[in-house]
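Just so you know, these numbers come straight off a predicted model, no measurement behind them. Lettering of chains follows the sequences in order, A, B, ..., and the numbering in each one begins at 1.
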Amino acid sequence: MRKYLTLARMQARSVLAYRLNFVLSLFALMFQLFAMLAIWGVMLGSGRNLNGFDWGHMRAYLLVGFVCGALVSQGADFRMAGRIQDGMVAVDLTKPVDYQRARFAEVVGGAWTELATALLVCAGVLLLSGPVPWPGVPDLALFALSLVAVLPLKFLIVYMSGLVCFYTQNYLGVHWARLIIVSLFAGALVPLSFFPHWLQYLAAVLPFASMSATPALIFVGQLHGGKALALIAVQFVWVVALWLLARLIWRHAITRVTIHGG
Amino acid sequence: MRRTIRLYRRQLGAHLRAALQYEADFWILIGAAALMQVVGVVFLGAIFAKIPELNGWTFWEVVVVYAMVSIAEGVGSLFFEGTWRLARKINQGEVDYLLVRPYPVTLQVMSSEIGLNGIGNIVVGSILLGLGVARSDIHWSAGNVLLGILLLVSALVIKVAISLGTNAGSFWIPGPYSVVGYGIHQVGELARYPITIYAIGVRLAISVLVPFAFVSFFPVAVLLGRGGSGRLGLLTPAVAVYCVLAARWAFNRGLRRYEGAGN
């Protein structure tokens with residue numbers, strides 16, 4: 001355990017050393033958020049209410065989506081991809097730590113800066129656009145629990161997409177494909193209830209909604225009590241299932257390692 | 001001039017052959033880029049299904065604005081991706097090699113990479129543009145067709161010039177990544193939608209400070225005959241000329257500061 005704590009601590013510091021990269025990586029998400037806020041601002045102007053969202057709730061929903069999007073966003077996959085492509089992963093393999101757990105430890109270590117920066121952006125948006133409705137204490141507790149599940153879940157999706165590098169040379173395309181699929185099915189920019197039914201069903205059986213829509217819906221009060229608990233359970237089931245799946249993929253992927261010369 | 005174009009093509013061709021070595025990556029890149037544009041429109045569709053107008057713009061009119069940015073980014077990636085490698089070249093001192101070759105440094109930089117993802121952007125962007133234009137109320141007289149082509153070309157030039165000018169910021173801000181270029185590029189994403197939805201400060205920033213709105217919103221407003229915005233949009237070719245001159249000035253100023261990367 002201590003080994004992993006050290007890894008987490010190292011990553012937490014390294015983020016500070018490369019703060020510029022970090023801020024830039026948040027830029028894309030930020031401007032996406034601003035554009036969506038502007039669009040919804042017009043659509044929900046003059047007190048309009050769509051699918052149970054008024055302007056205040058929609059802002060809260062988008063901000064929670066933004067925070068979830070910012071988690072595990074600062075290139076854990078690019079670090080992995082780079083090391084897999086140039087063969088440095090061979091060095092990782094010789095270390096007496098479990099590869100998957102080590103990467104998770106790094107992600108946890110980096111998460112505090114992601115969270116802090118995302119909250120800073122949220123505070124800025126709230127300052128400019130006014131307060132949003134706040135959930136009651138029980139819902140807030142459920143929200144926190146749901147948010148906790150987002151971190152390992154997102155890590156696993158990012159981690160598995162990084163493993164694809166054992167099979168392809170270029171990671172950028174895989175990275176984009178993941179971003180798009182997640183942004184569509186997680187419902188971070190447009191709540192899933194706005195989509196056609198078939199897309200909603202598809203989103204319901206995929207793990208991505210657990211990465212953003214579940215905590216966001218709890219926060220804006222569209223999910224309560226039993227229903228919220230059930231969806232939080234779904235989140236944790238996905239964490240376990242994907243953790244095991246990632247292990248399976250890893251076991252196959254390392255058989256493909258070719259290390260060139262020395 | 002012919003020599004310049006021929007060499008540019010050959011340079012890009014060499015990078016194309018290199019990129020095609022990895023066939024799976026080729027398809028993943030193009031597919032991902034295409035999907036990205038499609039998903040953006042799916043979002044718009046989901047929102048417009050509830051309310052048919054955004055500040056007086058219909059769904060298909062917004063799709064045209066959106067598609068203009070897709071195409072402009074696609075053209076930028078496919079033909080001028082090297083622009084985004086400038087920071088690394090400066091950081092590694094590779095501009096030294098460019099300076100001794102008998103070919104404009106700007107063009108050497110711009111052709112030093114090919115972004116195949118641009119194919120996905122251009123294909124999907126063109127389809128969206130076609131669909132949107134067909135479903136929007138545009139009167140296609142011969143004059144309007146010519147105007148449309150002029151506006152499209154000007155818009156593409158503006159986008160590429162902005163990329164070059166902002167990436168030249170790497171001459172002042174060292175580091176392997178193009179901080180200025182990338183940061184400002186993200187601001188440009190705001191121009192995928194009619195800019196009237198933003199606060200006045202944002203509107204001014206993306207039409208005057210860095211004229212992204214002239215890549216998409218203003219040219220489209222001209223063809224749709226949108227009063228004030230439409231009349232402003234007639235300035236698009238002039239803005240294009242201005243952007244090219246400004247980008248060239250910034251690049252050359254930066255190049256004079258360049259002093260290699262040590263030994």
Side-chain angles (χ1 to χ4, degrees), chain A residues 18 20-21 23-45 48-51 53 58 75 85 128-129 161 164-165 167-185 187-196 199-200, chain B residues 19 21-40 42-57 62 115-117 120 173 175-199 202-203:
Chain A
Y18 299 99
L20 202 61
N21 289 350
V23 171
L24 275 183
S25 69
L26 264 188
F27 246 59
L29 272 177
M30 243 166 65
F31 280 96
Q32 227 174 21
L33 172 74
F34 294 159
M36 277 296 158
L37 277 171
I39 293 176
W40 284 117
V42 173
M43 291 297 196
L44 298 170
R48 211 186 266 124
N49 184 314
L50 294 176
N51 287 4
F53 287 95
M58 187 54 86
Q85 278 157 359
L128 285 174
S129 68
S161 70
V164 175
C165 281
Y167 305 91
T168 65
Q169 287 297 316
N170 178 305
Y171 178 63
L172 196 60
V174 178
H175 172 75
W176 282 343
R178 189 199 80 225
L179 283 183
I180 299 151
I181 293 168
V182 171
S183 84
L184 178 62
F185 290 111
L189 296 173
V190 177
L192 293 166
S193 59
F194 282 83
F195 287 127
L199 234 161
Q200 289 186 38
Chain B
Q21 286 215 323
Y22 305 108
E23 209 192 313
D25 298 339
F26 171 79
W27 290 111
I28 292 173
L29 264 179
I30 293 182
L35 202 63
M36 202 181 283
Q37 314 308 318
V38 172
V39 167
V42 168
F43 285 154
L44 282 178
I47 299 172
F48 273 85
K50 295 288 170 190
I51 295 178
E53 275 198 356
L54 182 67
N55 272 0
W57 288 67
V62 177
L116 292 171
N117 48 295
I173 301 174
Y177 304 103
S178 174
V179 178
V180 187
Y182 187 73
I184 292 182
H185 173 76
Q186 296 304 335
V187 180
E189 292 295 299
L190 296 178
R192 282 185 183 264
Y193 313 99
I195 64 165
T196 52
I197 62 174
Y198 303 114
V202 179
R203 258 187 269 175

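Considering all non-hydrogen atoms of both residues, B/Ile197 and A/Ala35 come closest at CD1-O, 4.4 Å. Nearest heavy atoms, B/Ala32 versus A/Gly173: CB-O, 3.4 Å.
Neither the backbone nor the side chain of A/Met30 comes within less than 4.5 Å of any heavy atom in chain B. For B/Tyr193, the part sitting under 4.5 Å from any heavy atom of chain A is the side chain, from C-beta outward, and nothing else. Within the 4.5 angstrom heavy-atom criterion, only backbone atoms of B/Glu53 (N, CA, C, O) approach chain A. For A/Leu50, the part sitting under 4.5 Å from any heavy atom of chain B is the side chain, from C-beta outward, and nothing else. Heavy-atom distances place the side chain of A/Leu189, and not its backbone, under 4.5 Å from chain B. Of the two parts of B/Val39, only the side chain, counted from C-beta on, holds a non-hydrogen atom closer than 4.5 Å to a non-hydrogen atom of chain A.
When the options B/Ile47, B/Ile51, B/Leu54 are evaluated for a side chain to side chain contact (heavy atoms under 4.5 Å, CB included) with A/Val42, the one that passes is B/Leu54.
The distance from atom CZ of A/Phe27 to atom CD1 of B/Ile184, rounded to the nearest 0.5 Å, is 9.0 Å. Distance check, rounded to the nearest 0.5 Å: CE of B/Met36 to CG of A/Leu184 gives 12.5 Å. Note that OG1 of A/Thr168 is 9.5 Å distant from CG of B/Leu29, once rounded to the nearest 0.5 Å.
In this structure A/Phe53 satisfies the ring-ring contact (aromatic ring centres under 6.0 Å, His included) test together with A/Tyr61, sequence neighbours excluded. Residues satisfying the side chain to side chain donor-acceptor pair (under 3.5 Å) criterion with A/Ser161, sequence neighbours excluded, are A/Tyr171, A/Arg178.
The closest side-chain heavy-atom distance from A/Phe31 to B/Val187 is below 4.5 Å. Under the 4.5 Å side-chain criterion, counting only non-hydrogen atoms from C-beta, A/Phe34 is not in contact with B/Val202. Looking at B/Ile28 and A/Trp176, their side chains never come closer than 4.5 Å, going by heavy atoms from C-beta outward. The side-chain heavy atoms of B/Val42 and A/Phe195, taken from C-beta on, include a pair separated by under 4.5 Å.
The number of heavy-atom neighbours closer than 6.0 Å to OH of A/Tyr167, taken from other residues, nucleotides and ligands shown, is above 12.
In terms of heavy-atom pairs under 4.5 angstrom with chain B, the leader among A/Pro191, A/Ser183, A/Gly41 is A/Ser183.
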